[in-house]
Amino acid sequence: MEAEYDVIILGAGAAGLSAGLYTGRAMLKTLIMESVGAGGQLLVTDLIENYPGFPDGVHGQALAKMMEAQTTKFGPKIEYTEVEAVEDLDKPVKIVKTYDRSYTTKTIIIASGGAHNKLGVTGEDAFAGRGVSYCAVCDGNFFRGQDVMVVGGGDAAMDEGYYLSGIVKSVTVVHRRDELRATKVLQERAFKSPKFKWLLSHVVEEFKGNEALEVARVKDLKTGKIYDYPAAAAFIYVGFHPNSAFLKGKVDMDALGHIHTDLHMRTKIPGVYACGDVRAESTRQLGVAVGDGITAALAAFHYLST
Ligand SMILES: Cc1cc2nc3c(=O)[nH]c(=O)nc-3n(C[C@H](O)[C@H](O)[C@H](O)COP(=O)(O)OP(=O)(O)OC[C@H]3O[C@@H](n4cnc5c(N)ncnc54)[C@H](O)[C@@H]3O)c2cc1C
């Protein structure tokens, strides 16, 4: 059976669009499949200050539009539909299924990204981008010299809290247990820093403010006391879920669903690649997703050329 496509890319976020740019320019017949909107997480991102080439920063939606236009200019089509399953991954002709049809392809690039877990409290969505953030490396700089909060007690919370401590006035860690989950070395580094303050056995119940976040309403789980705690920003680290449930059992992934690849973005299955935030060991940064997508495209090109 002849495959309809050389490459099918699952997801039109930064990783998928970058992969498509390269496969398109390499004259590979490419289809990008996207369930929500081209740009992925960029669509919910305000000002991005750490993506090279934009000295004044760039807004996520504007960048998404530019990336989509640049990629589709070279041939790849974007089909707006949700991929529900993949089959015959180990065969030369692989199958990608949506609710109403199947597509055949010689290679698959998985670029389905993921999303940060939310606390699910009042004000979290309203103040997202106006104080509530899920990425210290992305947004910490906006709160230089101010008092901020980190919610969570795992490695990500301690690591990103430590990064923030070099920029902000103070970092208050809010964690629902009286012990942290983070590895000891990260805990000790934070405990030693004079910038850290601790609200252990506390939870955030609400984020409040006017134009921007001003306070978090917190609850002391030991005493039941509820009070407002000032914070110019709250960085939330309560997990990240990769969009890979539809690939479970088909590609090698960790317990949380992050897909394992080598440095060429190759999974263990010839002709199947993964890139961007869905990948294990991704640093979940835009520039990294772009680089991953390019690497995956080049690997697919080499696979198809040999
Ligand atoms: C609020 C916010 C602010 C950020 N700020 C910065 C910043 O300042 N600097 C920085 O470097 N990074 C930042 N990031 C991180 C950066 O945006 C991501 O690392 C990057 O966009 C990930 O790209 P991706 O293509 O891997 O995944 P995604 O952007 O998640 O794209 C994956 C795409 O796949 C689609 N998809 C998933 N499953 C399916 C399916 N079954 N079928 C079809 N389509 C599917 C999704 O709809 C999505 O469009 C921020 C992220 C957020 C959320």
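What you are looking at is a predicted structure, and each value in this text was computed from that prediction instead of being measured. Atoms within a ligand are numbered from 1 in the order they appear, just like the ligands themselves.
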So, regarding [X] and ligand 1 (criterion: nitrogen or oxygen to nitrogen or oxygen, under 3.5 Å), is there a contact or not?
X: His116; result: no
X: Ala15; result: yes
X: Asn243; result: no

Protein heavy atom at shortest distance from [atom]:
atom: atom 41 (N) of ligand 1; value: Val83 O, 3.0 Å
atom: atom 26 (O) of ligand 1; value: Asp277 N, 2.9 Å
atom: atom 36 (N) of ligand 1; value: Ser35 OG, 3.8 Å
atom: atom 12 (N) of ligand 1; value: Leu286 N, 3.3 Å
atom: atom 14 (N) of ligand 1; value: Cys138 SG, 3.8 Å
atom: atom 35 (C) of ligand 1; value: Glu34 OE1, 3.3 Å
atom: atom 51 (C) of ligand 1; value: Gln41 OE1, 3.5 Å
atom: atom 31 (O) of ligand 1; value: Gly13 CA, 3.4 Å

From Tyr103 atom OH to Ile95 atom CD1, the distance as rounded to the nearest 0.5 Å: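 CD1 of Ile95 is found 13.5 Å from OH of Tyr103.
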I need the Asp88 CG to Thr105 OG1 distance, nearest 0.5 Å.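 The CG atom of Asp88 sits 12.0 Å away from the OG1 atom of Thr105.
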If only atom types and distance count, is the side chain of Lys97 paired as donor or acceptor with the main-chain N or O of Glu87 below 3.5 Å?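 No, because the side chain of Lys97 does not come within donor-acceptor range (under 3.5 Å) of the backbone of Glu87.
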Checking the side chain of Arg217 only, and the main-chain atoms of Ile226 only, is there a donor and an acceptor separated by less than 3.5 Å?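 A pair under 3.5 Å: no.
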Within a distance under 4.0 Å of any heavy atom of [X], pick out the atoms of ligand 1 and give their elements.
X: Gly40; answer: 29 (O), 31 (O), 48 (C), 49 (O)
X: Gly114; answer: 30 (O)
X: Gly11; answer: 33 (C), 34 (O), 35 (C)
X: Phe246; answer: 41 (N)
X: Val44; answer: 1 (C)
X: Gly37; answer: 49 (O)
X: Gly276; answer: 26 (O)
X: Val36; answer: 47 (O)

What part of [X], side chain from CB on, backbone N/CA/C/O, both or neither, has a heavy atom under 4.0 Å from ligand 1?
X: Tyr51; result: neither
X: Ala111; result: backbone
X: Ser112; result: both
X: Met33; result: backbone

Would you tell me whether Ser201 and Asp178 have side-chain atoms, one donor and one acceptor, within less than 3.5 Å of each other?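 Result is no, nothing qualifies.
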Scan side-chain atoms only and decide if His241 and Asn117 contain a donor-acceptor pair under the 3.5 Å cut-off.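 Present: a donor and an acceptor within the cut-off.
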Check whether any heavy atom of [X] sits under 4.0 Å from an atom of ligand 1.
X: Leu10; answer: no
X: Ser18; answer: no
X: Ala14; answer: yes
X: Thr81; answer: yes

Determine whether [X] and [Y] make a side-chain contact, defined as any pair of heavy atoms from C-beta on separated by less than 4.5 Å.
X: Asp252; Y: Thr267; answer: no
X: Ile48; Y: Phe54; answer: no
X: Ile269; Y: Ile108; answer: no

Give the C-alpha distance, both sets of side-chain angles, the deciding distance and a yes or no for salt bridge (Lys or Arg N to Asp or Glu O under 4.0 Å) between Asp46 and Arg130. CA-CA 9 Å; Asp46 194 26; Arg130 296 189 294 133; over 6 Å; no
Set of residues satisfying salt bridge (charged side-chain N to carboxylate O under 4.0 Å, His left out) with respect to Arg266, sequence neighbours excluded: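 Per chain and number, Arg266 pairs via salt bridge (charged side-chain N to carboxylate O under 4.0 Å, His left out) with Asp262.
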Would you indicate whether [X], at its atom [atom1], is surrounded by more than 12 heavy atoms from other residues, nucleotides or ligands within a distance under 6.0 Å?
X: Lys65; atom1: NZ; result: no
X: Tyr22; atom1: OH; result: no
X: Met27; atom1: CE; result: no
X: Tyr229; atom1: OH; result: yes
X: Arg25; atom1: CZ; result: no

Nearest heavy atom to atom 15 (C) of ligand 1 wins, so pick from Arg284, Met67, Glu49.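 Selected option, by shortest heavy-atom distance: Arg284.
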Would you indicate which of Asp139, Ile9, Thr45, Ile78 comes nearest to atom 50 (C) of ligand 1 when only heavy atoms are counted?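 Considering heavy atoms of Asp139, Ile9, Thr45, Ile78, the nearest to atom 50 (C) of ligand 1 sits in Thr45.
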Pairs where residues 124-156 contributes a residue and the test ring-ring contact (aromatic ring centres under 6.0 Å, His included) is met, not counting sequence neighbours: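 Counting only pairs at least two positions apart or across chains, the ring-ring contact (aromatic ring centres under 6.0 Å, His included) contacts touching residues 124-156 are His116-Tyr134.
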